[in-house]
2 protein chains.
Amino acid sequence: MVLSIAAVKNLELTLEDVGKGENMISAKSIGRLSLYRRLLISLKTRGEENVHSHKLASLGGVSPAQVRRDIMAVGYSGSPARGYSIDELVECIGRIIDHPEGQNVALVGVGHLGRAVLNYFRGRRPKLRVRAAFDNDINKTNRVLHGYRAHPVTQLAEIIKREKITVGIVCVPKEAAQDVANNLVDAGCRGILNFAPIPLRVPPGVYVEDIDITMSLEKVAYFARETAKEEEKTE
Amino acid sequence: MVLSIAAVKNLELTLEDVGKGENMISAKSIGRLSLYRRLLISLKTRGEENVHSHKLASLGGVSPAQVRRDIMAVGYSGSPARGYSIDELVECIGRIIDHPEGQNVALVGVGHLGRAVLNYFRGRRPKLRVRAAFDNDINKTNRVLHGYRAHPVTQLAEIIKREKITVGIVCVPKEAAQDVANNLVDAGCRGILNFAPIPLRVPPGVYVEDIDITMSLEKVAYFARETAKEEEKTE
DNA sequence: TAGTTACTGTGAATTATGTAACGTTGTGAA
DNA sequence: TTCACAACGTTACATAATTCACAGTAACTA
Ligand SMILES: NC(=O)c1ccc[n+]([C@@H]2O[C@H](COP(=O)([O-])OP(=O)(O)OC[C@H]3O[C@@H](n4cnc5c(N)ncnc54)[C@H](O)[C@@H]3O)[C@@H](O)[C@H]2O)c1
Ligand SMILES: NC(=O)c1ccc[n+]([C@@H]2O[C@H](COP(=O)([O-])OP(=O)(O)OC[C@H]3O[C@@H](n4cnc5c(N)ncnc54)[C@H](O)[C@@H]3O)[C@@H](O)[C@H]2O)c1
């Protein structure tokens with residue numbers, strides 16, 4: 001049986017529409033889009049107006065085809081001759097990854113790492129506001145650290161609800177991480193960035209991203225040896 | 001520690017497999033193995049001697065089949081009835097991801113994040129020793145911070161060669177990151193853990209792992225909205 | 001205006017990664 | 001001892017991610 005091109009196209013379209021959350025972009029793509037946006041803004045400050053996929057690919061350490069595919073996902077189209085308009089592309093990426101009214105963030109565990117993160121995000125992203133910090137150490141609470149006042153964890157639920165916080169950052173020791181995560185979710189958080197070196201259990205509908213520094217360092221150490229070995233053999 | 005006959009067999013098998021180097025273990029598997037090892041050690045301190053794949057899977061947030069396949073990659077075999085011996089499995093994972101004599105690590109950029117990382121790894125991993133820290137700010141160098149003395153970056157090449165350092169951690173601002181990476185590679189580093197929010201260019205044979213906290217936070221914020229939306233629709 | 005060129009957009013092919021299935025095996029019970 | 005069974009090891013399969021390849025096109029040239 002031979003189908004016309006139009007028929008095939010229609011079939012695919014209907015299948016797509018019937019499928020689940022129609023155009024749900026993968027976590028990997030979202031991550032790269034966030035990277036592209038930073039690179040684009042950096043290019044813009046250097047006076048560039050347009051950029052080609054291979055330029056962005058080279059800056060981002062990915063393939064040009066990957067860049068084009070990711071950009072396709074946000075629904076933006078460039079011009080074959082001029083490439084992508086930096087302004088428009090930044091705008092389109094923002095339309096996908098930013099919430100129009102912005103989102104509020106809370107950080108729990110104002111230790112070494114927590115303070116570094118607080119300091120870094122202070123006033124940096126207007127659409128992603130760190131609105132509260134918490135700790136259970138009375139020496140750290142009710143003082144202003146890096147421009148943020150750390151509240152006692154006992155007030156966590158109350159403040160998260162009041163400030164409409166939907167994203168939590170977990171910087172507490174691993175023994176406390178699951179409890180903190182449970183409290184964050186109960187209070188209304190739907191996304192957690194977890195620095196504690198254990199996977200968190202959360203109900204469906206809550207997204208967790210783990211940053212496991214120890215694991216990453218062990219990976220680097222392993223491949224520092226292995227890729228070096230591979231190189232030797234080809235010499 | 002008493003090794004069974006099975007463990008000795010495993011040792012022989014892994015030595016054979018490592019020698020070839022053609023079927024290299026994926027970065028994802030290495031990462032999970034690092035996680036399994038931590039979980040196993042934690043189980044051991046609670047008095048457990050053996051563990052089944054589904055138990056480890058549940059703790060690690062992965063599927064039992066995944067656990068079995070990762071463990072297959074290190075060349076260890078468990079018993080159908082008792083599962084895996086925790087001691088032996090930790091030993092076999094270490095044989096893959098640790099260097100027998102250990103590896104030396106340097107950290108560049110003793111700012112907020114760099115100090116948090118230094119503090120965290122102090123005396124934690126005997127096979128992964130942070131041997132030197134560097135900064136270009138004279139207010140931070142030649143003082144002892146978190147048990148480490150920070151050297152001026154001008155001494156980077158010399159000290160890295162002298163201390164036989166093969167792994168570098170980059171915690172400097174993004175403007176300086178590529179220069180620092182170049183110096184690390186020139187001095188002999190073959191692996192870099194990069195916290196600066198730009199991809200580093202390195203020659204082949206050098207492995208880079210990026211930890212992009214901003215990107216991760218934006219991902220969390222995005223999926224905090226999107227997965228919540230999906231949930232609503234199914235209600 | 002027609003030709004040239006270099007880039008985009010996108011289906012198809014390829015590769016990586018994860019899951020399911022199932023024969024195998026060691027252990028404990030009858 | 002033999003059987004039943006639960007969990008392993010491995011292969012086959014399924015899905016996700018990435019790259020390839022090329023048609024289509026806007027600018028630029030002469
Ligand atoms: N710093 C690093 O480089 C690094 C590397 C890998 C993993 N981590 C992980 O990140 C987390 C934080 O690391 P850190 O170096 O900042 O540790 P830290 O000890 O400096 O800070 C932990 C903070 O959490 C607070 N805390 C403890 N229990 C709490 C609770 N129940 N509720 C609220 N606050 C609580 C403590 O008071 C402290 O301020 C840990 O889980 C650690 O394993 C850190
Ligand atoms: N802290 C965070 O949460 C966070 C989040 C995302 C990204 N980062 C990235 O991590 C890196 C470090 O962040 P931070 O918060 O520690 O910043 P920081 O400013 O506190 O520390 C940077 C340190 O690097 C040193 N430095 C600058 N140039 C140098 C050079 N050429 N050679 C050696 N040392 C040099 C500075 O003296 C300073 O001590 C930055 O690239 C930042 O973008 C940090």
Side-chain angles (χ1 to χ4, degrees), chain A residues 3-13 15-16 19-21 23-33 35-36 48-58 60-86 88-89 92 199 219 223, chain B residues 4-7 9-10 13-14 17 22-33 35-36 48-58 60-86 88-89 92 199 219 223:
Chain A
L3 288 174
S4 74
I5 290 171
V8 171
K9 258 190 197 159
N10 283 333
L11 183 71
E12 285 173 358
L13 281 171
L15 281 176
E16 263 178 29
K20 63 266 173 194
N23 41 1
M24 187 78 168
I25 304 175
S26 76
K28 296 217 169 151
S29 280
I30 293 294
R32 285 190 299 263
L33 287 166
L35 171 63
Y36 301 155
E48 308 269 337
E49 285 294 334
N50 297 287
V51 68
H52 291 298
S53 62
H54 57 83
K55 170 85 172 172
L56 208 48
S58 149
V62 298
S63 71
Q66 181 97 84
V67 170
R68 293 203 297 274
R69 197 158 275 281
D70 288 332
I71 289 175
M72 197 171 64
V74 306
Y76 179 67
S77 285
S79 130
R82 265 184 265 101
Y84 305 98
S85 152
I86 291 179
E88 288 171 17
L89 186 46
C92 280
K219 263 161 77 170
F223 286 104
Chain B
S4 70
I5 291 169
K9 247 198 317 199
N10 283 324
L13 282 170
T14 47
D17 290 341
E22 58 190 27
N23 50 354
M24 203 147 91
I25 305 177
S26 76
K28 299 230 166 134
S29 278
I30 293 293
R32 285 188 300 263
L33 287 166
L35 171 63
Y36 301 155
E48 308 269 336
E49 284 294 334
N50 297 287
V51 69
H52 291 297
S53 61
H54 57 83
K55 170 84 172 171
L56 208 47
S58 150
V62 299
S63 70
Q66 181 99 83
V67 170
R68 293 205 296 275
R69 253 188 80 197
D70 288 333
I71 289 175
M72 193 173 66
V74 307
Y76 178 68
S77 285
S79 131
R82 265 183 270 102
Y84 304 100
S85 152
I86 293 179
E88 289 172 14
L89 185 47
C92 280
K219 262 161 78 170
F223 287 104

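Within every chain, numbering begins at 1; the chains are lettered A, B, ... in the order of the sequence lines, protein sequences first and strands thereafter. Values below: all heavy atoms of this structure, side chains included; hydrogens, waters and symmetry mates excluded. A quick note: this is a predicted structure, and the numbers were derived from the prediction, not measured.
Taking CG from A:Leu35 and CD1 from A:Ile30, the interatomic distance works out to 13.0 Å, rounded to the nearest 0.5 Å. How far CZ of A:Arg69 is from CD1 of A:Ile71: 12.5 Å, rounded to the nearest 0.5 Å. With values rounded to the nearest 0.5 angstrom, B:Ser63 atom OG is found 8.5 Å from B:Arg68 atom CZ.
Residue A:Ser29 is out of contact with every strand shown, counting any heavy-atom pair closer than 4.0 Å.
Phosphate contact (OP1/OP2 of D:dA7, side-chain N/O of B:Ser53, threshold under 4.0 Å): absent. Contact between the side-chain N/O atoms of A:Arg68 and the OP1/OP2 oxygens of C:dC7 is not found at any separation under 4.0 Å. OP1 or OP2 of D:dT18 has not a single side-chain nitrogen or oxygen of A:Ser63 nearer than 4.0 Å. Dashed line: the shortest gap from a side-chain N or O of B:His52 to OP1 or OP2 of D:dA6 is not under 4.0 Å. Between A:Ser77 and C:dG9, a side-chain N or O to OP1/OP2 separation shorter than 4.0 Å is present. Put simply, B:Gln66 has a side-chain N or O that comes within less than 4.0 Å of OP1 or OP2 on C:dT19.
Between A:Arg32 and B:Ser79, the residue whose closest nucleotide on DNA chain D is further toward the 5' end is B:Ser79. Residue-to-nucleotide proximity on DNA chain D shows that, of A:Pro80 and A:Ala65, the 5′-proximal contact is made by A:Ala65.
Comparing D:dG9, C:dG18, C:dT10 by their closest approach to the side chain of B:Lys28 singles out C:dG18.
The two atoms that bring A:Pro64 and A:Ala57 nearest to each other are N-CB, 3.5 Å, heavy atoms only.
Between the side chain of A:Arg69 and the base of C:dT10, no donor-acceptor pair of N or O atoms lies under 3.5 Å.
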